[in-house]
Amino acid sequence: MSRKKELKMQYKETKVQAGIYQIKNVKNQKIFIVSTKNLKTINGKKFELEAGSCTNKTLQQEWNEYGKESFVFEELEILKEEDISPLGIKGDLKRLEEKWLEKLQPYGEKGYHTNNSKGDQT
């Protein structure tokens, strides 16, 4: 089997992990919290920023100003399968996201959220 086919099979067999991650500006320590049903979408978020199409205008502006090397993407929490409630993953992610927003308070000078905005589900 070719290495490419092997990697493709490995990718397909990898379980999808839902969770919360942050995008942190290492120059000014501002953070953006994101919940996602698939942590593999972090690369999609990087691509979105590089393409200039991020919906958070302040984050996009600073990405353009400081450059991608000034940002780190860090997983904060993975939603374990056994922790998914009967009500579904979407509600569980929302609760997790709210917990991290409460804990880290990424508003104003500390982050890219406004008090009435939540991270974007991807």
Side-chain angles (χ1 to χ4, degrees):
M1 180 184 316
S2 76
R3 180 79 177 132
K4 192 174 178 182
K5 280 185 180 175
E6 197 178 306
L7 289 171
K8 202 171 186 179
M9 264 179 50
Q10 206 175 11
Y11 178 81
K12 285 180 179 178
E13 289 171 3
T14 305
K15 279 195 188 287
V16 171
Q17 290 184 308
I20 307 295
Y21 67 94
Q22 72 177 0
I23 302 170
K24 184 176 193 174
N25 182 331
V26 295
K27 297 276 192 216
N28 62 18
Q29 305 305 307
K30 287 171 76 172
I31 57 175
F32 186 64
I33 306 293
V34 184
S35 64
T36 179
K37 293 178 186 171
N38 183 353
L39 285 166
K40 288 181 188 172
T41 63
I42 288 175
N43 286 332
K45 184 58 83 178
K46 286 178 187 173
F47 180 79
E48 196 179 275
L49 284 159
E50 287 173 11
S53 60
C54 180
T55 54
N56 184 297
K57 300 297 177 220
T58 309
L59 175 58
Q60 182 67 63
Q61 208 172 355
E62 291 194 0
W63 177 277
N64 297 342
E65 183 182 332
Y66 294 109
K68 68 180 179 182
E69 54 286 331
S70 299
F71 291 84
V72 291
F73 290 68
E74 300 169 318
E75 287 179 13
L76 296 174
E77 189 168 350
I78 293 171
L79 184 61
K80 295 179 186 78
E81 259 182 74
E82 61 269 17
D83 293 339
I84 298 173
S85 70
L87 299 174
I89 198 167
K90 198 172 184 176
D92 295 332
L93 279 173
K94 187 171 176 47
R95 278 188 294 285
L96 259 187
E97 184 179 344
E98 286 169 358
K99 176 186 101 172
W100 281 98
L101 286 169
E102 182 66 32
K103 183 178 180 176
L104 299 175
Q105 294 291 312
Y107 308 105
E109 292 300 308
K110 291 174 69 181
Y112 297 101
H113 295 268
T114 56
N115 281 326
N116 62 0
S117 82
K118 302 295 181 208
D120 55 342
Q121 299 247 334
T122 52

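Just so you know, these numbers come straight off a predicted model, no measurement behind them. In what follows, every heavy atom counts, from backbone to side chain, and hydrogens, waters and symmetry copies are set aside. For the single chain, residues carry numbers from 1 onward in sequence order.
- In this structure, the side chains of Asn25 and Phe32 stay at 4.5 Å or more apart for every pair of heavy atoms.
- Contact record, Ile33 with Pro106: CG1-CG, 3.9 Å, taken as the closest heavy-atom pair.
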Practice task
Evaluate side-chain hydrogen bond (donor to acceptor under 3.5 Å, both in side chains) for Asn56 paired with Gln60, printing each intermediate quantity in order.
Solution key: CA-CA 6 Å; Asn56 184 297; Gln60 182 67 63; over 6 Å; no

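- Paired with Tyr112 under the rule side chain to side chain donor-acceptor pair (under 3.5 Å), one option of Glu62, Gln22, Lys30 passes, and it is Glu62.
- Atom NZ of residue Lys57 and atom CG of residue Leu59 lie 10.5 Å apart, to the nearest 0.5 angstrom.
- For the pair Asn28 and Tyr66, the minimum side-chain heavy-atom distance is below 4.5 Å.
- Across Ile31 and Lys24, no two heavy atoms sit closer than the pair CG2-CG, 3.6 Å.
- Note: Ser35 OG to Ile89 CD1 = 10.0 Å, rounded to the nearest 0.5 Å.
- Across all non-hydrogen atoms, the minimal contact from Ile20 to Leu93 is CD1-O, 3.9 Å.
- The pair Glu102-Lys99 does not meet the salt-bridge criterion, since no charged nitrogen lies less than 4.0 angstrom from a carboxylate oxygen.
- The ring pair (Phe, Tyr, Trp, His ring centres under 6.0 Å) test applied to Trp100 returns no partner, not counting sequence neighbours.
- Leu76 places a side-chain heavy atom less than 4.5 Å from the side chain of Leu104.
- Shown here for Ile23 and Lys45, the closest heavy-atom pair between the two residues is CD1-CG, 3.7 Å.
- In this structure, Glu50 does not pair ionically with Lys46, as no charged nitrogen and carboxylate oxygen lie closer than 4.0 Å.
- Listed by first and then second residue, the ring pair (Phe, Tyr, Trp, His ring centres under 6.0 Å) pairs that reach into residues 34-65 are Trp63-Phe71, sequence neighbours excluded.
- Glu48 and Thr55 make their closest contact through OE2-N, 4.2 Å (heavy atoms, listed as atom of the first residue, atom of the second, distance).
- Atom NZ of Lys94 and atom CD of Glu97 lie 7.0 Å apart (nearest 0.5 Å).
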